[in-house]
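The block underneath contains the structure these notes are about, expressed in structure tokens.
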Amino acid sequence: MFDLPALRAELSEKYDLAPSPELAQEMSDIYDRMSRVITPADWAIYAPYVKAINELKKKRNAVILGHNYMTPEIFHGVSDFVGDSLQLAIKATEVEADVIVQCGVHFMAETSKILSPSKTVLMPDMEAGCSLAESITAEGVEEMRRRYPGAPVVSYVNTTAEVKAASDICCTSSNAAQIVGAMESDTVIMTPDQYLAQNVARDVPHKNVVWWEGSCIVHEQYTAQDLREFREWNPGTRLIAHPECPPDVVDEADFSGSTSGIIKYVTDEKPEKAMLITECSMASNIADELPEVDFVGPCNMCPYMKKITLEKVLYALDTMTGQVEVDPTMAEKARLSVQRMIDLSRELGI
Ligand code: 13P
Ligand code: SF4
């Protein structure tokens, strides 16, 4: 748990973090990427942090990997690479920096560490967890193996290193159906997201997909009735859902895909009005790039992703605290599951 006033006081001794309209003006090229969703007054608060972080990154030879659910000032202000879970996992294998700062949740940082054990991986807030990752342990995987002998275990990357190590292969929301479809066995175990598994099961009807009962606290809140009512009140709105939503919600949507799949769909289609049935920052991060699209409707916030803030990123880089460690033996087993996913995705052209 952070003592935020103490953290701010410590940072202010080293960096000039006072709100600055002049600096905000100087850094307007960055602001232009988020001016539809961040007010000039807020940007004057963020700009000194963005400047300090970007300078410190160079000093530490660090890169920031930012997930699509980061807030716009992190996504556009300090991230060197942004993307969905699969893209960030692949990027972690490619970057040459000494330090990776993972702006996302803990399982993503663990994945980077597993793939790049010699790098320092920093997590700005260790409490940025995930309801899916917390829903299963390695013992849960073994229980599924006992229930379905011989069936391979495909685990979502939203899992701990321990669960990845106990699985045969990983998947993300952008490759889950193809990975499950490529398994040799008729029965395939998917953990831990029951809804992703149920959505995949419909896409690969030749497989008997069985699942663990985990769920995402952000996406499970949407109901098909919400979407029907929204469509009735807002005719012409394109509804776009993440596959962590229950299948009847996905049925009501016009498109379903990973966070990057959603961005690609909206960028290609440019609907007049769009409702993104996912985490709130998604629409904010693409609003300026797509001025012709009116992003409407409610969204749900991921409390874990929102633990990552500019001041915690600056603190992590300044003090080099929040280093993610994974037991080397477990990391090696987990790496096999993630690497199999990356290799198979490449083979399948995903
Ligand atoms: P993506 O792989 O689609 O980025 O999803 C990650 C996630 O946590 C969604 O809730
Ligand atoms: Fe986990 Fe859901 Fe948050 Fe993604 S949105 S990190 S799946 S709790």
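Just so it is clear, the structure is predicted and the values come from calculations on it, not from any experiment. Both ligands and their constituent atoms are indexed starting at 1 by order of listing.
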**Request:** May I ask you to check whether over 12 heavy atoms, not counting those of M301, lie within 6.0 Å of atom CE?
**Result:** no
**Asked** Is there any N or O on H242 that sits under 3.5 Å from an N or O of ligand 1?
**Response** yes
**Request:** Quick one: do Q198 and R202 satisfy side chain to side chain contact (heavy atoms under 4.5 Å, CB included)? Show the steps, please.
**Result:** CA-CA 7 Å; Q198 288 162 21; R202 300 184 317 171; over 6 Å; no
**Message:** Check this for me, if you would: do E110 and K113 make a salt bridge, where the nitrogen-to-carboxylate-oxygen distance has to be below 4.0 angstrom?
**Reply:** no
**Close-contact set for ligand 1 against H219 heavy atoms, below 4.0 Å** = 10 (O)
**Message:** Tell me whether R145 is salt-bridged to D168, with the criterion being a basic N under 4.0 Å from an acidic carboxylate O.
**Reply:** yes
**Item:** Interfacing atoms of ligand 1 (cut-off 4.0 Å, heavy-atom, D84)
**Value:** 1 (P), 2 (O), 4 (O)
**Request:** Identify whether Y156 and M305 are in the same connected component of the hydrophobic contact network (ILVMFWY, side-chain heavy atoms under 4.5 Å).
**Result:** yes
**Flag if over 12 foreign heavy atoms under 6.0 Å of CD, E272** = no
**Request:** Would you mind listing which atoms of ligand 1 come within a distance below 4.0 Å of any non-hydrogen atom of Y69?
**Result:** 7 (C), 9 (C), 10 (O)
**Prompt:** Charged N to carboxylate O below 4.0 Å: is that the case for R335 and E332?
**Reply:** yes
**Pair R146 + E142, salt bridge at N-O below 4.0 Å** = no
**Asked** List-wise, which protein N, O or S atoms are found short of 2.8 Å from atom 1 (Fe) of ligand 2?
**Response** C130 SG
**Prompt:** At under 4.0 Å between heavy atoms, which part of N158 makes contact with ligand 1: side chain, backbone, both or neither?
**Reply:** side chain
**Prompt:** For ligand 1, which part of H67 has a heavy atom less than 4.0 Å away: the side chain, the backbone, both, or neither?
**Reply:** side chain
**Prompt:** Which is it for K119 and V95 under the side chain to side chain contact (heavy atoms under 4.5 Å, CB included) test, yes or no, and what are the steps along the way?
**Reply:** CA-CA 10 Å; K119 292 195 199 318; V95 293; 3.8 Å; yes
**Message:** Closer than 4.0 Å to some heavy atom of T259 - which atoms of ligand 1 meet that?
**Reply:** 1 (P), 3 (O), 4 (O)
**Asked** Between S85 and ligand 1, is there a nitrogen or oxygen pair with a distance under 3.5 Å?
**Response** yes
**Message:** Geometry only, no angles: is S258 polar-contacting ligand 1 at N/O separations under 3.5 Å?
**Reply:** no
**Fill in**
For V141, the other hydrophobic cluster members (4.5 Å side-chain criterion, sorted by chain and number) are I136, M144, Y148, V153, V163, I189, V210, W212
**Asked** What do you reckon, does C216 put a non-hydrogen atom under 4.0 Å from ligand 1?
**Response** no
**Item:** Atoms in ligand 2 flagged as close to Y69, the criterion being non-hydrogen separation under 4.0 Å
**Value:** 5 (S)
**Asked** What do you reckon, is CD of Q25 surrounded by more than 12 foreign heavy atoms closer than 6.0 Å?
**Response** no
**Prompt:** Would you call E232 and R228 a salt bridge, using N to O less than 4.0 angstrom?
**Reply:** no
**Message:** Could you identify the single nearest non-hydrogen protein atom to atom 9 (C) of ligand 1 and state the distance to 0.1 Å?
**Reply:** E244 OE2, 3.2 Å
